[in-house]
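First the proteins, then the strands, lettered A, B, ... as listed; each starts at 1.
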Amino acid sequence: MSQTAYTLQIAVPRPLRTLLSYSHYADAALPVGTRVLVPFGKQQSVGLVISAERAPETDNPDAPFTIKPVDAVLDAMPLPDAHLLELLQWAARYYHHPVGEVIFSALPVALRKPKPLSTRLQKLLVSSTPTAATSPNPARLQLTDEQQQCLHYIQQWNAQIPRRPILLHGITGSGKTEIYLRLIAPLFAAGKQVLVIVPEIGLTPQLLLRFAHFFGDTPMACLHSGLSDGDRLKAWLQARSGAAQIIIGTRSAIFTPAPHLALIVIDEEHDASLKQQEGFRYHARDLAIKRAQMLDIPILMGTATPSLEALYNAQTSRFHYARLERRPGTTRKPDLQIQDTRPFELQAGLTPQSLQAIRATLARGEQIMVFLNRRGFAPTLFCPSCGWHANCDHCSVKMTWHARRNRLVCHHCGAEQTTPLHCPVCKNPQLTTQGQGTERLELTLQTTFPDALVVRIDRDSTSRKGQLEDKLSTVRSNDPLILVGTQMLAKGHDFPNLTLVVIIDIDQSLLSTDYRALERLGQLLVQVAGRAGRADKPGRVILQTSQPDHPLLHQLVGHGYTPFARQLLEDRKRWHLPPFGYQALIRASSTASMEKALDFLEHVSQRLLAADGAGIQRLGPIPAPLEKRANRYRAQLLLGSQQRAALHNALHQLLQHAANLPGRSSVRWSIDIDPIEFS
DNA sequence: AGCACGCCGACT
DNA sequence: GTCGGCGTGCTC
């Protein structure tokens, strides 16, 4: 039997911006997505077939390289399917990231090595015709009229062509999950699959429980960071085969293959953890929208605090927009008030009114949360006599003092050192701490309220396994207590007896130069405030600040999130900032000096100007807000344009030359499309 | 990313 | 004279 010669385009997991050509002799073309082993320079590499076509009869005599044959075919069938590969290639172009790195970073780690799938795991791949799923658990809540109405709208929209993504803006506790469940349930009888993306808060145990309870024994695959490589691969293969009908996971789960995918749900659409902040910097929400569009399936994004991008898309009718404004069971919204800290001598970081409110709440047998987004005891250790501050040796930041461990810790690089007994400069033995951290807050609250139970929840107090669960169950016992915590407490948890939230130290965000800081603060405040007053008890939220007259803070407190966000959008429009303009951030870092990083970006900037980038606004190069981190000097160049295409064309041209930009070897550099983090 | 090649400083 | 530093180039 004569075999046919094929030319394959192969992606390899290296920072190459092209595919490589290999030859292969076989009876039939290898399917797209098949893993192969290929010769690569002096080494071998795993590779993935992107295309296969019949090789020309005669070799091109002046080809710039010789085409080598693949060494081996690793699997009997393709792993990512054709649709997923198309999405990944689109993402590689959009994010200007090397295609092989994009593709392989989307695969489970176990598939990045040149090792064939074991026969045991191959069995998981055998495409199962999904059996008619058991009907969902009938133990369901009755929908409220508002929820019913909302569900009805969404179902109508989903029947319309062309489709639009749907933004579900529902206040905390309004029952967004109920809507998700009822949209998902009808899909299973037809053997369909659904993909649910959640933020990384321990994979939202309550959401997971809710799903498990509602859908009974419908096969579910969970993909989160706690999984071992083996378990992750298994879950992935079950989704790939069609056997797992509910696929629920964090950011990277957006790359799970699902042949019968019929709906994508993005929970907490506004959440920053949906954007990868290293390497291939994709946004899972945006890729989900693209994926749904490619498959022509519905996509639903839920949140209590929509991103400005999503709100703008709703305003301009690119998204459908549904609202849930009522909490079932209670009618009262929490009472929000701003508290000026300036006239008072703070005790434990709290104003007399806040302390009084805490005392009264404890007396009623209810719970309080004091929210402070800074862990440790004190953010500064300094010498009052000569002014020395404990700085990190590796970063341009002050170190945080942790009392329990009696150590200085850098929250940026993790470096630790023992607390000095004297000032290293003037030998003064009286070193002083300054500022508030959750550790100090816990201690001072305990001293102020000696009879109260004080529970602290932050990264430091929950690092041991089971510790977080223990603390959460203490809170859920509903005994009166004071909860002290960071970010970790902002979302996903439901504490029925919590009726007072005190938020302290938000001044940093109000004064920040980062144009996204206020949006994030607004989202955080609303999310934290949403913890107060569940069930039948009214909630109260006290916002301590030394900027009580900040107009946007008033907007938020007085009129709520939507007018606040509209105001922010007006500002963004005026300055042509996203979503009214498009941005890309080029970062460079050097171990040698700031100069090196800035020089490199200066070359980048010149190249852009010389190329078609004349219409691109350039801000920088400038040192990054965090100038030095983990021994690397960091600089950035921010690019902006009102035309997305113009920006992307300029970047594309720039990258043609990226391989020979001067200084490229001594700096580490990266491109961030649609950046949301500027530090 | 890895790996080789190449061109200058301080070693037996 | 050569060992090895890392700046540069290449992988079908």
Side-chain angles (χ1 to χ4, degrees), chain A residues 4-26 29-30 32-74 85 88-89 91-92 95-115 276 278-282 587-593 595-604 607 631-633 654-672:
Chain A
T4 314
Y6 291 93
T7 303
L8 310 180
Q9 294 301 306
I10 302 284
V12 290
R14 306 291 150 100
L16 304 180
R17 293 182 180 274
T18 58
L19 299 172
L20 301 180
S21 307
Y22 290 89
S23 62
H24 182 238
Y25 296 85
L30 276 179
V32 162
T34 306
R35 286 193 311 153
V36 290
L37 187 63
V38 294
F40 184 77
K42 298 271 144 109
Q43 309 164 261
Q44 273 190 323
S45 172
V46 63
L48 205 81
V49 178
I50 300 302
S51 72
E53 57 179 37
R54 290 181 82 119
E57 295 290 316
T58 51
D59 288 354
N60 179 358
D62 42 41
F65 48 79
T66 51
I67 294 179
K68 297 179 186 173
V70 302
D71 287 332
V73 176
L74 289 171
L85 273 181
L88 290 168
Q89 287 179 89
Y95 289 104
H96 297 276
H97 199 80
V99 61
E101 286 197 336
V102 167
I103 289 173
F104 280 89
S105 70
L107 295 181
V109 186
L111 297 178
R112 298 178 204 174
K113 298 165 205 149
K115 230 182 103 190
Q276 171 110 43
E278 264 163 30
F280 167 35
R281 294 168 177 262
Y282 63 95
R587 291 173 230 259
S589 72
S590 159
T591 49
S593 67
E595 278 290 277
K596 276 248 161 66
L598 288 170
D599 278 355
F600 173 78
L601 289 178
E602 191 51 52
H603 281 117
V604 169
R607 266 285 152 68
N631 287 323
R632 301 194 70 90
Y633 296 91
L654 169 75
L655 288 169
Q656 313 273 292
H657 307 282
N660 38 23
L661 277 170
R664 85 204 120 90
S665 50
S666 60
V667 303
R668 226 182 255 170
W669 65 278
S670 66
I671 295 187
D672 190 348

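Between A:Tyr22 atom OH and C:dT11 atom P there is a gap of 10 Å when expressed in whole angstrom units. Remark: C1' of C:dT11 and CG of A:Asp71 are 14 Å apart, rounded to the nearest angstrom. Look at CD1 on A:Ile67: it is 14 Å from C1' on C:dT11, rounded to the nearest Å.
When side chains are defined from C-beta on, A:Val102 counts as touching A:Leu88, because their heavy atoms get closer than 4.5 Å. Contact check for A:Val12 versus A:Val46: no side-chain heavy atoms found under the 4.5 Å cut-off. Side-chain contact between A:Val667 and A:Ser590 is present, with at least one heavy-atom pair separated by less than 4.5 Å. Counting only heavy atoms from C-beta outward, the side chains of A:Leu20 and A:Val38 never approach each other to under 4.5 Å. Side-chain contact check for A:Val73 versus A:His24: some heavy-atom pair is nearer than 4.5 Å. Counting heavy atoms from C-beta on, the side chains of A:Val49 and A:Val70 never come closer than 4.5 Å.
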Practice item. Run the numbers on A:Ile50 and A:Val99 for side chain to side chain contact (heavy atoms under 4.5 Å, CB included), then give the verdict. Key: CA-CA 10 Å; A:Ile50 300 302; A:Val99 61; 5.9 Å; no
Exercise for review: Would you check, one step at a time, whether the test side chain to side chain contact (heavy atoms under 4.5 Å, CB included) holds for A:Leu8 with A:Thr34?
Suggested key: CA-CA 11 Å; A:Leu8 310 180; A:Thr34 306; over 6 Å; no
Nucleotide N/O of nucleotides 6-8 of chain C paired with protein N/O under 3.5 Å:
| unit_1 | atom_1 | unit_2 | atom_2 | d |
| --- | --- | --- | --- | --- |
| C:dT8 | OP2 | A:Ser665 | OG | 3.3 |

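Within 4.0 Å of A:Thr66, counting heavy atoms only, lie sugar-phosphate atoms of the nucleic acid but no base atom. Contact annotation for A:Pro39: backbone-only contact, meaning every heavy-atom pair under 4.0 Å involves sugar-phosphate atoms and none involves a base.
Every residue two or more places apart in sequence or in another chain that forms a side-chain contact (heavy atoms from CB on, under 4.5 Å) with A:Thr7 is listed here: A:Gln9, A:Ser21, A:Ala55, A:Pro56, A:Ile67. Residues satisfying the side chain to side chain donor-acceptor pair (under 3.5 Å) criterion with A:Ser589, sequence neighbours excluded, are A:Arg632. Every ring-ring contact (aromatic ring centres under 6.0 Å, His included) that A:Phe280 has, sequence neighbours left out, goes to A:Tyr95, A:His97, A:Tyr282.
Listed by residue number, there are no residues of residues 45-58 of chain A with a heavy-atom contact under 4.0 Å to DNA chain B.
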Exercise for review: Could you run through nucleotides 1-7 of chain B and give me one letter per nucleotide, 5' to 3': B if any protein heavy atom sits under 4.0 Å from the base, S if only the sugar-phosphate is that close, - if neither?
Suggested key: BSS----
